[in-house]
2 protein chains.
Amino acid sequence: MAQAPSSRWQRKKDARPSEILDAALALFVEKGFSATKMEDIARAAGVTKGTPYLYFQNKEDIFKAMVLHHLSSRLGAFVELEQQHQGPVGELLQILLLKWWDEVGATPAAGLCKLAIAEATNFPELAQFYTNEVISPCLSMVEHILRRGMDSGEFRPLPIASSCDALLAPLVMAMTWAHSFAKVVPETCGYSHHHSREHLSEALQLVLQGLKNPCYEN
Amino acid sequence: MAQAPSSRWQRKKDARPSEILDAALALFVEKGFSATKMEDIARAAGVTKGTPYLYFQNKEDIFKAMVLHHLSSRLGAFVELEQQHQGPVGELLQILLLKWWDEVGATPAAGLCKLAIAEATNFPELAQFYTNEVISPCLSMVEHILRRGMDSGEFRPLPIASSCDALLAPLVMAMTWAHSFAKVVPETCGYSHHHSREHLSEALQLVLQGLKNPCYEN
DNA sequence: CCGATTAATGAACTGTGATTTATTAATTGC
DNA sequence: GCAATTAATAAATCACAGTTCATTAATCGG
């Protein structure tokens with residue numbers, strides 16, 4: 001709206017890279033790496049075929065840069081929150097996982113989760129990077145919280161690794177689903193709720209509180 | 001071993017299709033649809049470029065046939081088991097989900113799960129099919145079991161959809177993980193256990209029994 | 001055993017998509 | 001304003017991978 005409408009030409013050296021990476025994110029998540037054409041990325045970014053090559057070596061380079069660009073930022077605020085929290089760690093888990101949902105899961109960046117899963121075997125280095133940058137820190141934090149809960153008596157003695165799984169699986173699934181089946185299969189099978197915050201919150205609560213009625217006699 | 005070693009020629013009209021589909025499964029799961037070359041499928045199936053086209057229209061047709069071939073069979077035995085079971089449905093869930101792991105999750109067919117997630121937006125019809133054939137039946141069954149548990153008092157009142165999520169997410173994650181990160185990131189971050197039956201069993205147990213110590217006072 | 005049939009081959013065809021590059025036009029500094 | 005610089009274009013290149021098809025060789029019926 002603000003620019004000269006006549007010129008299809010726009011010189012924006014600074015803005016281009018992130019525009020291209022944003023376009024790439026959307027397309028890679030939607031179509032996958034190989035099925036996404038360079039020209040589509042270019043067009044989605046409002047430029048032509050050649051332009052991405054001014055900023056990136058090649059398609060794979062764009063892929064890598066994209067993962068870095070959309071990931072490296074967000075990790076850190078969470079660790080701080082964890083250390084400051086007082087009181088029941090059940091609440092803390094609820095808060096942290098839902099914060100993650102709000103700030104990552106509900107944004108386009110959540111598509112990276114599906115993408116990483118889909119392309120892990122094609123890009124081992126990236127899978128390793130994703131593991132180091134995201135998975136490991138998350139697991140460490142959840143582990144630490146579980147220990148806190150066990151120490152305080154809030155939780156019963158737990159197998160750590162499996163408990164992390166049970167806690168994180170619904171979140172990861174929700175992010176993954178939102179960018180695969182949810183896009184395509186509309187109202188079917190209850191999984192349409194998968195993307196909703198409340199649904200995720202309920203699932204977490206369940207894992208935390210347990211399914212079994214404590215008053216039930218085995 | 002048993003065939004004439006001299007001839008690189010083998011006429012096997014009957015065996016070819018499923019050989020090709022098996023090869024396609026392995027490659028599609030490993031590389032994804034677009035990144036998998038027809039010639040690779042052919043070679044993996046022990047034939048040459050042209051042969052797959054004798055049995056299938058094109059690459060997409062192979063993809064569809066593969067999903068059908070590796071799926072349509074297994075559904076049914078589970079429903080029967082569910083209807084016959086007497087006693088605590090907690091046990092029943094444990095049995096059914098681990099049976100699913102043994103018969104699907106631990107076989108190459110589990111890769112279909114990752115593949116379906118990765119390609120859902122590229123093949124909406126297949127996503128729909130997968131939903132109808134696998135997801136919906138599974139959810140219905142788990143739903144029904146949860147209701148049985150609530151009716152008998154074994155479970156407390158539960159939000160059905162979220163409970164299904166919490167129960168199935170670890171299983172789905174385990175299958176997905178086994179064919180993505182687990183293939184690539186070796187021992188890191190505890191997720192290496194993801195593919196093991198015991199680990200899954202523990203996670204299920206946790207969801208069933210709950211994380212919170214019933215004796216803990218809030 | 002011989003001809004007819006057809007499974008299988010692999011070379012050739014073709015379209016597509018990644019990458020290169022000569023050209024065009026903003027921009028920047030003097 | 002004007003030359004130098006460089007962002008951006010768009011046409012051309014090039015390799016690759018999906019598909020076709022003429023040829024080859026098992027197999028099957030008699």
Side-chain angles (χ1 to χ4, degrees), chain A residues 1-28 30-66 119 122-123 126, chain B residues 1-66 115 119 122-123 126:
Chain A
M1 285 289 181
Q3 312 129 357
S6 57
S7 80
R8 73 206 145 150
W9 266 65
Q10 289 283 100
R11 283 169 66 103
K12 302 193 284 180
K13 184 187 165 119
D14 299 338
R16 289 292 181 227
S18 76
E19 285 174 1
I20 291 167
L21 293 181
D22 286 345
L25 173 62
L27 286 167
F28 283 146
E30 183 189 336
K31 314 215 181 238
F33 177 77
S34 345
T36 298
K37 300 180 245 187
M38 284 296 279
E39 192 167 7
D40 292 344
I41 295 175
R43 254 204 279 275
V47 294
T48 51
K49 295 182 72 165
T51 306
Y53 288 94
L54 298 177
Y55 299 97
F56 304 97
Q57 299 263 316
N58 51 37
K59 194 179 172 184
E60 196 168 323
D61 190 35
I62 290 184
F63 186 63
K64 293 177 180 175
M66 186 206 75
E119 304 291 348
N122 285 328
F123 298 90
L126 273 178
Chain B
M1 286 292 180
Q3 313 128 356
S6 57
S7 80
R8 73 207 146 152
W9 268 65
Q10 289 284 99
R11 283 168 70 103
K12 303 194 283 180
K13 184 186 165 125
D14 298 337
R16 289 295 181 223
S18 76
E19 285 174 359
I20 291 168
L21 292 182
D22 286 345
L25 172 63
L27 287 167
F28 283 145
V29 168
E30 183 189 339
K31 312 212 180 247
F33 177 76
S34 337
T36 298
K37 300 180 247 188
M38 284 296 279
E39 193 166 4
D40 293 344
I41 296 175
R43 254 204 278 274
V47 294
T48 50
K49 294 183 72 164
T51 307
Y53 289 94
L54 298 175
Y55 299 98
F56 304 97
Q57 299 263 318
N58 51 36
K59 194 177 170 184
E60 197 168 322
D61 190 35
I62 289 183
F63 186 63
K64 293 177 181 173
M66 185 206 73
L115 191 56
E119 303 292 348
N122 286 328
F123 297 91
L126 273 179

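Residue numbers start from 1 in every chain, and the chains themselves are labelled A, B, ... in the order their sequence lines are given, proteins ahead of strands.
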Rounded interatomic separation in angstrom, taking CG from B:D14 and C1' from C:dT6 = 13 Å
note = Whole-Å distance, B:L54 CG to D:dA22 C1', equals 14 Å
task = Determine whether A:F28 and A:E119 make a side-chain contact, defined as any pair of heavy atoms from C-beta on separated by less than 4.5 Å.
result = no
task = Could you state the atom-to-atom distance from NZ of B:K31 to P of D:dA17 in whole Å?
result = 11 Å
task = Would you mind reading off the distance between B:M38 atom CE and D:dC16 atom C1', rounded to a whole angstrom?
result = 15 Å
ask   = Closer than 4.0 Å, any side-chain N/O of B:T51 to the OP1 or OP2 of C:dA8?
value = no
task = Would you classify B:T36 as touching base, sugar-phosphate or nothing, given that sugar-phosphate means primed atoms plus P, OP1 and OP2, and contacts are heavy atoms under 4.0 Å?
result = sugar-phosphate
request  = Write down the distance between CD (A:E60) and P (C:dG17), rounded to a whole number of angstrom.
outcome  = 19 Å
ask   = What is the distance, rounded to the nearest whole Å, between atom CD1 of B:I20 and atom C1' of C:dT9?
value = 13 Å
query = A:I41 and A:A23: which non-hydrogen atoms are nearest, and at how many Å?
reply = O-CB, 3.7 Å
note = Between NZ of A:K59 and C1' of D:dC16 the distance, given in whole Å, is 13 Å
inquiry  = At 4.0 Å (heavy atoms only), tell me whether B:F56 reaches a base, stays on the sugar-phosphate, or touches nothing.
reply    = nothing
ask   = If only side-chain N and O atoms of B:Y53 are considered, is one of them under 4.0 Å from the OP1 or OP2 phosphate oxygen of D:dC21?
value = no
query = Closer than 4.0 Å, any side-chain N/O of B:R16 to the OP1 or OP2 of C:dA8?
reply = yes
remark   = Ranking D:dA8, C:dA7, D:dA12 by distance to the side chain of A:R11, first place goes to D:dA8
note = In whole angstroms, the gap separating P of C:dG17 from CZ of A:R43 amounts to 11 Å
remark   = Of all heavy-atom pairs linking B:A24 and B:I62, the shortest is CB-CG2, 3.7 Å
message = Counting only side-chain heavy atoms from C-beta out, which of C:dA8, D:dA8, C:dT19 sits nearest to A:K12?
response = D:dA8
message = Within the 4.0 Å heavy-atom criterion, would you say A:K37 contacts the bases, only the backbone, or no part of the nucleic acid?
response = sugar-phosphate
inquiry  = Quick one: does any side-chain atom of A:K31 pair with a main-chain N or O of A:K37 as donor and acceptor, under 3.5 Å?
reply    = no
remark   = Looking only at D:dT19, C:dT19, C:dA8, the nucleotide nearest the A:K49 side chain is C:dT19
ask   = Which word best sums up how the rings of B:F123 and B:F33 line up, parallel for under 30°, tilted for 30 to 60°, or perpendicular for over 60°?
value = perpendicular
